[in-house]
Amino acid sequence: MAEKSEYETQESRRLNRNILKTIKAESKGKNGHYGDKRKFKIKLPSSANPLREKILKIIFAIFLLVVVFGSCFIARISLHILIWHITPPIETSDSVINTLGGLLVSNCSFCVTSNTTTCSPHSTVDKTWIWALFLAIIAPYLLTFFTTLFRVSFKLSAPLNCGVLVLVLLIETIHSIGISILAFLVLPVFDPASASVVYLAVAVLPSMFDFIDKWANARKKDGTKDKSKLFASIYTSRISFVLPFFGFILQIAGIILISLYIKIGWLLGMFIISAIFTSIRHWENYVTIDGNSSKLLMLLHKHKGRTEVACLVSFWKIIVTFIAVIVIFTSQGHDSTSSFKSLFSSEISKLTTAFGDPIFGNNAICENRTPFIVAVISICCEYICYKASKTVCEINCQRAGFSIPLTIVPIATTLTLVSMMHQPDILKFSSCDLLFSTWCVKGFDQLVENCTELFVAFFVLICSILLITRHIWKVNGIKYGETSRMFVSNFYCGLFIDLSLLLNRRRNYKEYSFILSQDVDTKTGTVVDDKRQNKRRMVFACATMWHETANEMTHLLKSILRLDLNQFINSYMADLFLDVDKLEDSYDLEVQVFFDDAFDHLNEGEKYPRVNCYVKTFIECINKAGSLVYGTELEVASGMMFRTPYGAIIEWILPGENKMIAHLKDRTKVRQGKRWSQVMYMYYISQWCLQKKHGELGKQAALDNTFLLALDGDVDFEPEAVLSLMRRMNKSKIVGAACGRIHPIGSGPIIWYQKFEYAISHWFQKATEHVIGSVLCSTGCFSLFRGSALMQPEVLQKYTTIANEDSRFVQYDRNGDRWLCTLLLKQGWKVEYCAESDAYTFAPERFSEFYDQRRRWIPYTLAYILDIILDWKKVTKINENISFLYIVYQMFLFISTLITPGIIFMMILGAIIVGFDAIPLYLSLILNLVPVGSFLLMTLYASSQRQLKAAAVLSSIYVIVMMIVLIGVVKEAIDEGLCSITTICILLVPGVFVVSALVHPKEFVCIIHGLLYVMAIPSMSMLMFLYSIGNIHTLSLGTFETKQASDNTKADKKNELEKERKGYFMSQRKCFSCMFGETNDYNKDDFPGSNKNEVKDVREIINTKEGINKYMDVATVHHGIHVSRDEWELRPDHFVLKIPKQERKFWKRHIKKYLKPTYVDLQEFRKKRLQLKELRNRVCFFVYLLNAILISGMFVLTQVNASRDALSIEIDCSVGTIQLVPIAILFMAVFGTLLLLQFVCMLYHRLTTLVHICATTELWKSDVTHRDQRNSKLTDFLIQAPTSTPFVRTHRIFKNSQEQEEERLQAQVHVRKAINLKDFVKANLEEAPLTDHSLLHEMNKLNNIDNQKTVRTDHNLSKDKKKKHRFRENKIVPVSRTKSLSSSSDAEDHISKSDNTNGKFGRDCNV
């Protein structure tokens, strides 16, 4: 929709408030009617937030709350234990800060019993605890270093700013010094409970920066330095100043109270320095950044280059911390050299502390490994807490799962430590006495008296932390938020896990958007400005079609019309109600449909071709789909036809006022095929549509907000699936494409097999690629591409390359989807998989059709994987998502695919051996080798049809064999029990599939077809692979255009070629499109109701009315009278106007450069086929030799093991031994490793999907939710079809239901108007439940803000063309189906009113 002016936006806001008040008043019970006003009964879809998703979110949120609190609590206890063991408790009269005010005594038994035996204290300082604490502190630095080093080493990096690096190094050095002093010098002198209070005094600088920032912003906002005005401004917003001020004062008060409690001069100084130094880390979060900030602040906050800075800084912090530890303990020793040696050896020395001179060496209280076990526990718990905290913020449960537990943890930790010190035996183990059980607390009644300063400081500091981190209660999280948007620093502090998360939580996430707006886009080189980011997105739905059936076309059109309806609703609500959520989901839409081979052959004497029956079917299905979507028989607006250099176009305006353009391609003028249709719409959108609208300068900015939805002609999807893909791509600017979950639809065993195959391929393969790197192929039947990614010259221009080599033909001309994604990956873009985006497509239902589909899939899939592997250095350098480990995974997958026939062969051989003990080993080999070898020879020498028949026969035999083998294997598993590799495999592999199905509850039924999948393993994994590589050379003559001949001889040859071409199935309606297939030998059985003797040609059956209804599924559009396709025709003759001159030039230029048909004679075609045969021979030789070596080696090893039993590996079991034979080892090594990796990645991907689902689910209705519901109800009311036609307004009176129904039916019979949702809004506006009737005028005014979209008119044409068509009154005639006239007089009258000179329907009239 067009952008509104500022005045119109203000009007919308005022209108919004009035509407909401009116609707609220109506919803409270005002049931009076105004005129014939309908009741407001429209309900929201029940699937918006279903109950099961709410329950799921509640359970997940509670789980995360427990994880955050539990992990943080355990980490805090572990840290205090580590710190306490650095300076064990010592009895001294100098100070009582290490004994909780003197309440911690060494007479341990007195606390529990009446015994007064004194226990010997452990006063030795153990260096093992020092290094364990050091490891816990630097663990986050190590994680940051390795992750950033990986990105810097293998990913694309930004240039480094030396000035920023130096300043950041200075700040982080100060922070590391403060952490080291606090952890190794200050906190160890306190007992754990006292240390947990001192722990809170590390937020003095953030509170000070917070107050100063508020003060500075107030002065900047006031625009004056006058103190009187400044204090007046402070008074107006005193709360925003009082809270940070009191936070700062309380933090200072807490530090003063702790200082009074310490009473040791040098320790007091160390405490204050460490508290200030430590708190400097979080300055960035408490300084507001905007357009008026200084250049230095902007550079420090800049997001680009942070990876390199973080890598260097994290390594530097490790070094600084290491040096600080050495300096602290060597400076405390009597002899610095001896103390230094004691840190790294078993040498004994003495230290000087505030409580005496303890020994520095080894303490026998714990074993050497115990401190590191405690450190590992602390590190793991901190990392889990960090991840869980980030997740709970993503699902909008921040207050409950983040703020509450992290605020309670400091209080719970202190109270727990006091209790544990009272009963230290609770953590006394044989390997270590963690809490010094020889010391315990007594006299709790004296706690406040002995520790008054500490007691008051505890409450003061807790209140201070609550005030300083008050921002964590303002929002409840960020949907789909990335780490940098939620937290200022990407990692936490190893010593202060809870406080670092609270202080690091970003105060204003909008600052992150502003910071990103100052960065330069590395892919486009343009500055990313924030205004551009907020522009409405543009979606071009681009469908490629060929010879789809009417049923498939109806599915596609229903999806398009639903998307059109969703676009109108979201845009209308965003504009009318200023709905922020709808604004995020609002977009503009335009539909582009490209028809290959859209015209019939020219008959003798014809100059202009007629559109074929498939285009006619598409036109007829539009109204049918509209009726199914809108639930009433309504007619979509008529389309307009125009001539183009490549054929013709037909334009429609959909009900939501979005254009749908059907591009009809003539095979004699432009190249045919899905890839060339994609080239057409990519160039058309980027270099014509966007450039015409935005100009050359604004085109790049528009491309970043433009998305291309690639569709096949038979796909079915919901608008929410498209929105899920858009949200996924909006989350990261480096995502160039996103694909969804494809579901095959159809019936029969082949479909059942594909249901399970599609399920596990998406569950495992797609999810694994998404997690560890990038998806290699985004399916062309339903994928969303980013405009700026596709329009790069390195992508689009190379995509137009014509294959000149035999190996390149397998890649370029077999499937464009995988090639397009490969080009994106090589330019640094990422392709993602979105599991919550579902789409449905028709899949092959016959065995031969399915085999022919996979004949093309397998070779080009392997070819592109090999292409990525061979070019791995360039790919890993450019693409930051593809690492060397990802290449290793793809290489492993590639090799395992090549040896799959051999592994399956040996697996069947092993299964026969296990299932049939009586059969000798060599005979089992022969029984398995004969059919496989025979089929292998057939793939080289027999025709495709015979190969398919042989594959079908062998598949049936193998299914029976597999059933027998499975029974034998199950019997062996029962006999052997758990101590059998067979039993382990039977439990492991199905167990993985069952668990995977359980975590995909909506797709759980797919597991039912798993048994059929297992039965078909020999056929689909071995025979199909052999069939695919044995037929690489197979070509369809439909791939190449045959030059049209003028003489009769050449015409006869062309007809023969056309007959041969039509013998191949080449439909692009499939999910990945099928280029070649079996011969379409239709017979009588394929057409019920026909008679073979009466019908000579299949076309005669299809073109008959009965044939249309029975075979084509949807043949006629019911307009009152049934009309078959042969009763009307349509051709772009000279009566149809051309598109504008500039657009014609555009198409001619690109057709000449990229799309000109290539004509290949038979000689060249045979040469090409010969080259492909040579390629086939090379590939087959390599694959056959590789598998022959594998089979021979494994068979020899099996034979040797069977005769001597010397190669099996025996593993002890509770009831026997497990023997691993060579076949089992090979199977588990290849498939077991892949399955395990994919299973782990699948679980991780499901976790991310669970987070996404929980983030979009609202648990309770807020004011915003009630507002959104009222807005949605009003919008649904306005767009519903009125009971009367929207173009006829009559005074209505109250009637009973039967009279209203009769009136409605009569209106539908006599008045059929084209539907338009804006017309519905206008028609329903007067009946909307608004008591304030003055709002009707304002809503109507808002309705007319956007100009209504129209198809091209004669105003688009040049003056000379208007003169040329003056005799036709410059009329451009709609192209739409109308009812056939019932009488000859009506027909004559209709013809006389038209300009159709030959008297046929469809030239320039309503057809």
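Enclosure of atom OH in Y1244 is not indicated, since only 12 or fewer non-hydrogen atoms of other residues, nucleotides or ligands lie within 6.0 angstrom. The number of heavy-atom neighbours closer than 6.0 Å to CZ of F892, taken from other residues, nucleotides and ligands shown, is above 12.
Tested against F905, the residues T900, L925, I899 include a single side chain to side chain contact (heavy atoms under 4.5 Å, CB included) partner, L925. Between E832 and the options H770, E769, K766, a side chain to side chain contact (heavy atoms under 4.5 Å, CB included) holds for only H770.
To the nearest 0.5 Å, atoms SG (C1006) and CH2 (W763) are separated by 5.5 Å. Separation of atoms OG (S996) and CZ (R1246) is listed at 10.0 Å; rounding is to 0.5 Å.
Inspection of the Q1238 and Y889 side chains reveals an N or O donor paired with an N or O acceptor under 3.5 Å. Under 3.5 Å, the side chains of S724 and S837 contain no donor-acceptor pair of N or O atoms. Defined by atom type and a distance below 3.5 Å, a donor-acceptor pair is missing between the side-chain atoms of S559 and Y840.
The heavy-atom pair separating I865 from L776 by the smallest distance is CG1-CD1, 4.0 Å. Residues I750 and R846 come closest through the heavy atom pair CG1-C, 4.1 Å. Across all non-hydrogen atoms, the minimal contact from A843 to Q754 is CB-OE1, 3.5 Å. Nearest heavy atom pair, residue M962 against residue P1018, reads CG-CG, 3.6 Å. The nearest pair of heavy atoms linking V831 to S778 is CG1-CB, 3.8 Å. Of all heavy-atom pairs spanning A951 and S955, the tightest one is O-OG, 2.6 Å.
In this structure, H555 and F842 have perpendicular ring planes: the angle between them is above 60°, well past the 30° mark. Taking the six-membered ring where tryptophan is involved, the planes of F717 and F782 are tilted, since the angle between them lies from 30° to 60°. Taking the six-membered ring for Trp and thresholds of 30 and 60 degrees, F1239 and F764 have ring planes inclined between 30 and 60 degrees apart. The aromatic rings of Y864 and Y860 sit perpendicular, their planes meeting at an angle over 60°, well past the 30° parallel limit. The aromatic rings of F993 and F756 sit perpendicular to each other, their planes meeting at more than 60°, with 30° as the lower class boundary.
Here the side chains of D838 and K1002 are not in contact, with every heavy-atom distance at 4.5 Å or above. Between L1175 and H1033 there is no side-chain heavy-atom pair separated by less than 4.5 Å. At a threshold of 4.5 Å between non-hydrogen side-chain atoms, the residues L966 and M1015 count as touching.
Take Y958 and apply the ring pair (Phe, Tyr, Trp, His ring centres under 6.0 Å) test, not counting sequence neighbours, and it matches no residue.
Pairs of residues two or more places apart, or lying in two chains, never qualify as salt bridge (charged side-chain N to carboxylate O under 4.0 Å, His left out) while including a residue from residues 980-998.
Using modelled atom types, no side-chain atom of S1192 and backbone atom of I1189 make a donor-acceptor pair closer than 3.5 Å. No donor-acceptor pair under 3.5 Å is formed between the side chain of R741 and the backbone N or O of A835.
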